[in-house]
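Since the structure comes first, as structure tokens, the remarks are kept for the end.
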Protein chains: 2
Amino acid sequence: MTGSSISQVADELDISTRTIRFYEEKGLIQPRRTTGNQRVYTPRNKARLKLIIRGKRFGFSLDEIAEMIGMADADPNELEQIEKSLRYGDAKLKEIRERKKELTLLEQDILAVRDKLIKRKMELETMGTSTTKGENE
Amino acid sequence: MTGSSISQVADELDISTRTIRFYEEKGLIQPRRTTGNQRVYTPRNKARLKLIIRGKRFGFSLDEIAEMIGMADADPNELEQIEKSLRYGDAKLKEIRERKKELTLLEQDILAVRDKLIKRKMELETMGTSTTKGENE
DNA sequence: GCAAAACTTGACGTTTACGTAAACTGTAAA
DNA sequence: TTTACAGTTTACGTAAACGTCAAGTTTTGC
């Protein structure tokens with residue numbers, strides 16, 4: 001129930017301790033401290049870090065992620081604030097769904113190239129060593 | 001059949017001309033030139049740019065994208081080269097599929113936050129104006 | 001209880017991905 | 001042809017996201 005140290009978390013999530021501290025500087029996480037002032041990470045803190053990393057992998061900037069998280073941390077007593085957060089979250093969800101579609105497009109782009117390469121490979125294999133330059137498109 | 005100018009492409013793809021020239025500097029595109037040395041972009045060039053932009057949205061660095069594109073440009077006459085490209089492409093496909101899964105996780109993270117916010121909102125609404133500070137979890 | 005390992009806060013350095021300005025050239029319209 | 005706009009290269013500037021010391025503090029293992 002003690003929680004993890006910063007280097008344990010760094011190992012676990014495969015990021016540097018500097019990165020973790022940097023995210024804290026930016027206000028993305030607020031781990032507790034020991035009496036000796038060392039950072040302690042709960043599972044919840046780790047989940048938050050995972051979310052950040054995940055967001056980053058999709059090209060979201062830390063500022064954007066901060067907003068997403070700001071959403072999570074919004075003072076839960078201000079109705080106005082909650083509604084703003086909900087709107088922001090919904091926009092992000094829409095964006096995420098669009099990216100899913102684009103990811104499929106990217107996948108198809110690569111599959112198309114792959115198909116061409118495979119066809120060309122088969123040609124080369126059945127054709128023996130004759131060096132015919134196929135058309136370029 | 002003349003192709004587009006750099007600013008036309010910039011408008012079309014919603015990026016700056018600087019960005020387009022920068023991608024060229026990095027070797028990601030090679031548009032033809034007019035007799036007056038101005039860049040001319042074919043639909044194929046544009047498709048390439050779209051692929052770059054798409055890749056960027058998934059957190060791929062320009063260097064990584066350059067590698068992907070290198071795959072597409074591999075000399076189709078060298079069997080060895082083709083096989084290398086295929087392996088590279090397959091690796092990228094695997095990566096893309098992993099990202100798809102993660103994207104779903106990110107979506108779920110945000111949905112979870114959303115649910116909490118909605119619950120809290122309903123509490124506030126039914127509860128009238130009493131300012132009770134709920135527990136923080 | 002003491003050295004070694006891990007942690008702390010600065011603070012400056014580096015890379016990526018462009019922005020921006022300068023100084024010049026090509027192109028289109030009146 | 002001149003004028004104005006679009007394009008070209010070169011080069012310095014910058015914001016984001018960390019990397020990398022340095023110098024001191026805390027924790028841990030013997």
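Given the structure is predicted, the values throughout are model-derived calculations rather than measurements. Proteins get letters first, then strands, A, B, ... in listed order; numbering begins at 1 in each.
Residue Phe60(B) is the one, among Phe60(B) and Thr34(B), whose nearest nucleotide of DNA chain C lies closer to the 5' end (criterion: closest heavy atom). Two residues, Asn37(A) and Gln38(B), neighbour DNA chain D, and the one matched to the more 5' nucleotide by heavy-atom proximity is Gln38(B).
The phosphate of dG19(D) (OP1 or OP2) has a side-chain N or O of Thr19(A) nearer than 4.0 angstrom. Ser5(B) has a side-chain polar atom (N or O) that falls below the 4.0 Å cut-off from OP1 or OP2 of dG7(D). Under 4.0 angstrom from either OP1 or OP2 of dC18(D) there lies at least one side-chain N or O belonging to Tyr23(A). Contact annotation: Ser7(B) reaches the phosphate of dG7(D) (side-chain N/O to OP1 or OP2, under 4.0 Å). In this structure, Lys56(B) reaches the dC18(C) phosphate: one of its side-chain N or O atoms is under 4.0 Å from OP1 or OP2.
Using modelled atom types, one finds a donor on one side chain and an acceptor on the other under 3.5 Å when comparing Thr104(B) with Lys100(A).
Contact annotation for Ser16(B): backbone-only contact, meaning every heavy-atom pair under 4.0 Å involves sugar-phosphate atoms and none involves a base. Counting non-hydrogen atoms under 4.0 angstrom, Arg39(A) reaches the backbone sugars and phosphates but no base. Within the 4.0 angstrom heavy-atom criterion, no nucleotide atom of any strand lies near Thr17(B).
Distances were taken from every side-chain heavy atom of Arg21(B) (C-beta onward) to each of dA17(C), dC7(C), dG7(D); the shortest belongs to dG7(D). Considering only side-chain atoms of Ser61(B), the nucleotide from dA17(D), dA17(C), dC7(C) that sits closest is dA17(C).
In this structure, the side chains of Glu102(B) and Leu106(B) stay at 4.5 Å or more apart for every pair of heavy atoms.
Side-chain to base pairing of Arg18(A) with dT20(D): one donor and one acceptor N or O lie within less than 3.5 Å of each other.
Here the rule is side-chain hydrogen bond (donor to acceptor under 3.5 Å, both in side chains) with Ser4(A), and of Arg39(A), Lys46(A), Glu12(A) only Lys46(A) fits it.
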